[in-house]
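Nothing fancy with the numbering, it's 1 onward along the sequence. Just the heavy atoms: all of them, side chains too, but no hydrogens, waters or symmetry mates, feed the values below.
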Amino acid sequence: MDFPIELTLEQKFRLQTLKEQVQGLTQEEAQTYLLEVLRQMMVKDNLVKHLLKDAA
């Protein structure tokens with residue numbers, strides 16, 4: 001199975017937009033934002049694992 005490792009053009013645009021938005025955050029706001037992003041990534045990982053388990 002071949003997995004793409006590059007971002008799509010849309011993802012690159014979203015990343016640039018987020019970069020511009022977070023530049024004005026305080027350190028506390030940035031830490032809170034980072035923790036929320038990591039939490040969401042963990043939820044996404046759990047969902048993918050669950051879907052793969054059900055598909056098998």
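When the side chain to side chain contact (heavy atoms under 4.5 Å, CB included) test is applied to Leu34, the partners found at least two apart in sequence or on another chain are Leu38. Looking at residues two or more places apart in sequence or on another chain, you find a side-chain hydrogen bond (donor to acceptor under 3.5 Å, both in side chains) between Gln11 and Thr8.
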Which side-chain N or O atoms in residues 42-52 pair as donor and acceptor under 3.5 Å with protein atoms at least two apart or in another chain?
from: His50; atom 1: NE2; to: Asp54; atom 2: OD2; distance (Å): 3.1

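Under the 4.5 Å side-chain criterion, counting only non-hydrogen atoms from C-beta, Thr32 is not in contact with Leu35. Taking the side chain as every heavy atom from C-beta outward, Tyr33 and Leu18 approach each other to under 4.5 Å.
Residue pairs meeting the salt bridge (charged side-chain N to carboxylate O under 4.0 Å, His left out) criterion with at least one partner in residues 3-14, sequence neighbours excluded, do not occur; the list is empty. Applying the salt bridge (charged side-chain N to carboxylate O under 4.0 Å, His left out) definition to pairs two or more places apart or across chains, those involving residues 15-39 are Glu36-Arg39.
Cluster partners of Leu9: none. The rule joins Ile, Leu, Val, Met, Phe, Trp and Tyr whenever side-chain heavy atoms lie under 4.5 Å apart, and it links nothing here.
In this structure, Thr26 OG1 and Gln31 CD are separated by 8.5 Å, a value rounded to the nearest 0.5 Å.
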